[in-house]
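When a ligand or atom number is given, it counts from 1 through the structure's own listing order.
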Amino acid sequence: MSHQGRHFLQIPGPSPVPDRVLRAMDMPVIDHRSAEFAELGKAVLQGCQTVFQTKNPVIIFPGSGTGAWEACIVNTLSPGDRVLMVETGHFATLWRQMAARWGIEVDFIPGDWRHGVDPAALGAKLKADAAHAIKAVMVVHNETSTGVTSDIAGVRKAIDAEQHPALLLVDTISSLGSIDFRHDEWGVDVTVSCSQKGFMLPPGLGFNAISDKALAASKTNTMPRSYWDWAEMLKPNANGFFPYTPATNLLYGLREAIAMLLEEGLPQVFARHKRLAAATRAAVEHWGLEILCQEPDGHSPILTAVLMPEGHDADAFRKIVLENYNMSLGAGLSKVAGKVFRIGHLGECNELTLLGALTGVEMGLGKAGVPHRAGGVGAAMNYLEGRTDSNAPTHLKVVGV
Ligand code: PLP
């Protein structure tokens, strides 16, 4: 079926790329050993420090988030090391599998895919580890498969309360640049991220922000590595260069995306995401559908995962929405495949984009014969215009904005 108008890419990443970023990338490729390139390299490396909220180096790899996960593991851990991870959903499970393939022994705290990390449960595990055999705590900040955000400052507090020396390694692949994240203040040792979500870029870049403690660990750990070796990157990065051919045009886009985030202001960017997410929840609750997240303070600002009523297939519904309204919604992954669809509301997204997306969902529910109460889009509008019912559940209120 051919469609007019733009495609609505409402998946939780890759997120739509703003025209400004597309235009910034529309440049001839330059010599990556030139002085002109060094200016670009320095600008993006410094700009990333602002977005990651760190004074330490941020490494930019050509690669995806999965590559950045691997870089984090091979630079900090050694075969046979023990780590603590939490089963928040599909992505935490994949990161665990990768760690296991690298010979890491993972203590995986089980989860129901509807809650975030419980800092108290982590604290109890660390308390029991008097010999400090656990070398790292590895958690996902925003679990993109479930729409649950975890409290990383709380995880840091739990580690400190036990005076445990474990490294704190955090996946911010779908949170960075959309949800407040403070690498230095929260004492994170490695922050892993990528280009195609909050940075509003095409896929193709992976990031590691690293603390002094992580850097020290990288000098003594015994994991073999080559492409992902931080030491190889840090040397030329000091002068704005890369040890191998960088993704030059994505870096032009990154420079522009950072400018956009800083022009709006990071606190404003974070507040916008919370507001749009709360409006989405107002619509979903009005429809009478269930939100997967059951953590009262953990509703993700970047996506909302919605459970389909019994007897209705989420993928069949998504197909109807795509074919009729030219909108892509996120699929349920692995354990929740077919049971959940995900509405992305991140990056280049504003009130009207969101209301258009919610309209597509509501029309799709009707077309697919999914039982629901009409008027969810109106509920979202009410929320956005400050007409929220004062008796609304607390998670519909915007906290801290
Ligand atoms: N971690 C999280 C939380 C993600 O959302 C994703 C992808 O969506 C990944 C890891 C994997 O990243 P990539 O697909 O860029 O390799």
Consider only side-chain N and O atoms of W228 and N75, and report whether a donor and an acceptor are under 3.5 Å apart.
-> no
So H141 and W186, would you call those rings parallel, tilted or perpendicular, with 30° and 60° as cut-offs?
-> perpendicular
Carboxylate-amine/guanidinium contact E290 R114, below 4.0 Å = yes
N or O contacts of ligand 1 with protein under 3.5 Å, please list pair by pair.
from	atom 1	to	atom 2	distance (Å)
ligand 1	1 (N)	D171	OD2	2.7
ligand 1	5 (O)	T144	OG1	2.5
ligand 1	5 (O)	K197	NZ	3.4
ligand 1	8 (O)	K197	NZ	2.6
ligand 1	15 (O)	G65	N	2.8
ligand 1	15 (O)	Q196	NE2	2.8
ligand 1	16 (O)	S64	OG	2.6
ligand 1	16 (O)	G65	N	3.3
ligand 1	16 (O)	T66	N	2.8
ligand 1	16 (O)	T66	OG1	2.5

What class does the angle between the rings of H32 and F37 fall in, given that below 30° is parallel, 30 to 60° is tilted and above 60° is perpendicular?
-> perpendicular
salt_bridge(K319, E323) N-O dist < 4.0 Å = yes
Between H164 and H132, is the gap from one ring center to the other below 6.0 Å?
-> yes
